[in-house]
Amino acid sequence: EVQLVESGGGSVQAGGSLRLSCTVPKSWYRNWRKAWFRQSPGKEREGVVVISDNGGVLYLADSVKGRFTISQDNAKMTLYLQMDSLTPDDSAMYYCAADPRRYPDYDARNGRIPRTNDFNYWGQGTQVTVSS
């Protein structure tokens with residue numbers, strides 16, 4: 001049973017913005033790590049951003065730094081991904097993920113970036129299409 005529900009995807013022209021939302025079950029919200037991943041056709045699913053149980057950013061992909069921002073609304077138990085200055089390379093299915101484990105520590109310099117098996121719970125995905 002899918003318990004993470006994403007929304008907010010759509011089609012936008014390059015340079016535009018979108019805000020994705022992910023509702024998280026109440027029992028998971030405060031104590032679980034949460035993340036956004038994305039997957040384009042023919043490519044592996046890649047981590048975009050990971051936050052800790054207290055909302056601290058544990059990982060942010062270099063490709064989105066300065067353009068994407070993650071935030072939370074604790075009252076609504078909702079995770080957001082604000083995406084600005086979108087490019088066609090950002091086109092993908094975006095997935096929300098969550099997991100109660102408090103490891104690993106991510107370090108892109110050492111090659112330890114988010115992996116899909118770091119998270120056991122996934123939403124169904126929301127499509128983002130950016131046209132040039």
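For the numbers below, each heavy atom of this structure counts, side chains included, while hydrogens, waters and symmetry mates do not. The first residue of the sequence shown is numbered 1, and numbering continues consecutively from there.
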Could you list the donor-acceptor pairs under 3.5 angstrom formed by side chains in residues 104-111, with sequence neighbours left out?
residue, atom, partner, partner atom, Å
Y106, OH, D118, OD2, 2.9
D107, OD1, R109, N, 3.0
D107, OD1, R109, NE, 3.1
D107, OD2, R109, NH2, 3.4
D107, OD2, N110, ND2, 2.9

Practice item. Check whether any side-chain heavy atom of R101 sits under 4.5 Å from a side-chain heavy atom of N120, and report yes or no. Key: yes
Check your understanding: Listed by chain and number, what are the side-chain contact (heavy atoms from CB on, under 4.5 Å) partners of N74, not counting sequence neighbours?
Key -> Y29, R30, Q72
Exercise for review: Can you measure from CD (Q127) to OG (S91) and round to the nearest 0.5 angstrom?
Suggested key: 7.5 Å
**Study point:** F119: partners by ring pair (Phe, Tyr, Trp, His ring centres under 6.0 Å), with sequence neighbours left out
**Key:** F37
Practice item. Any salt bridge (charged side-chain N to carboxylate O under 4.0 Å, His left out) involving residues 120-132? Give me the pairs, sequence neighbours left out, ordered by first then second residue. Key: none
Check your understanding: Please, which pairs that meet disulfide bond (SG atoms under 2.5 Å apart) have at least one residue in residues 28-73, sequence neighbours excluded?
Key ->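 Found none.
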**Study point:** Worked verdict on S21 versus E6 for side chain to side chain contact (heavy atoms under 4.5 Å, CB included)
**Key:** CA-CA 5 Å; S21 301; E6 304 99 332; over 6 Å; no
Check your understanding: If you look only at pairs with a residue in residues 99-132, which of them pass as a disulfide bond (SG atoms under 2.5 Å apart), with sequence neighbours excluded?
Key ->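 Matches after skipping sequence neighbours: none remain.
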Practice item. Please report the C-alpha distance between T23 and M77 in whole Å, then the side-chain angles of each, then the deciding distance to 0.1 Å, and finally whether the side chain to side chain contact (heavy atoms under 4.5 Å, CB included) criterion is met. Key: CA-CA 6 Å; T23 56; M77 292 173 287; over 6 Å; no
Review point. L79: which other cluster members, linking ILVMFWY side chains closer than 4.5 Å, directly or transitively?
Key: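 Besides L79, the cluster holds V12, L18, L20, W36, V48, V49, I51, V57, L60, V64, F68, I70, L81, M83, L86, Y94, V128, V130.
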Review point. Of all residues at least two apart in sequence or in a different chain, which pass the side chain to side chain donor-acceptor pair (under 3.5 Å) check with D73?
Key: none
Revision key, fill the gap. The side chain to side chain donor-acceptor pair (under 3.5 Å) partners of S52 (sequence neighbours excluded) come to N54
**Study point:** Side chain to side chain, Q124 and L4, heavy atoms closer than 4.5 Å
**Key:**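 Heavy-atom side-chain distance check fails, nothing below 4.5 Å.
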Point to revise | Taking every non-hydrogen atom, the tightest pair across S132 and A14 | key: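 Where S132 meets A14 most closely, the heavy atoms are CA-CB, 4.3 Å.
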Exercise for review: Taking salt bridge (Lys or Arg N to Asp or Glu O under 4.0 Å) as the test, write out the residues that go with R38, two or more places apart.
Suggested key: E46, D90
Check your understanding: At what distance, to the nearest 0.5 angstrom, does NZ of K34 lie from OG1 of T78?
Key ->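 So the gap between those two atoms works out to 11.0 Å.
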Point to revise | Side chain proximity check, S71 to Q82, heavy atoms < 4.5 angstrom | key: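 Not in contact.
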**Study point:** Minimum heavy-atom distance P114-V50, with the two atoms named
**Key:** CG-CG2, 3.6 Å
Exercise for review: I would like to know whether Y121 and Q3 meet side chain to side chain contact (heavy atoms under 4.5 Å, CB included); could you show each step before the answer?
Suggested key: CA-CA 8 Å; Y121 298 88; Q3 299 192 55; 5.6 Å; no
Exercise for review: Using side chain to side chain donor-acceptor pair (under 3.5 Å) as the criterion, list what pairs up with D53, not counting sequence neighbours.
Suggested key: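 D53 satisfies side chain to side chain donor-acceptor pair (under 3.5 Å) with R102 once adjacent residues are dropped.
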**Study point:** Gap between atom CZ of R19 and atom OG1 of T69 - 0.5 Å precision
**Key:**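 The OG1 atom of T69 sits 11.5 Å away from the CZ atom of R19.
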Exercise for review: State which residues pass salt bridge (Lys or Arg N to Asp or Glu O under 4.0 Å) with K65; sequence neighbours excluded, sorted by chain then number.
Suggested key: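 Result, salt bridge (Lys or Arg N to Asp or Glu O under 4.0 Å) vs K65: D62.
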Point to revise | OG-CZ distance between S40 and R45, expressed to the nearest 0.5 angstrom | key: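 Here the interatomic distance stands at 11.5 Å.
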Exercise for review: Kindly work out whether a path of hydrophobic side-chain contacts (I/L/V/M/F/W/Y, heavy atoms less than 4.5 Å apart) joins L58 to Y80.
Suggested key: no
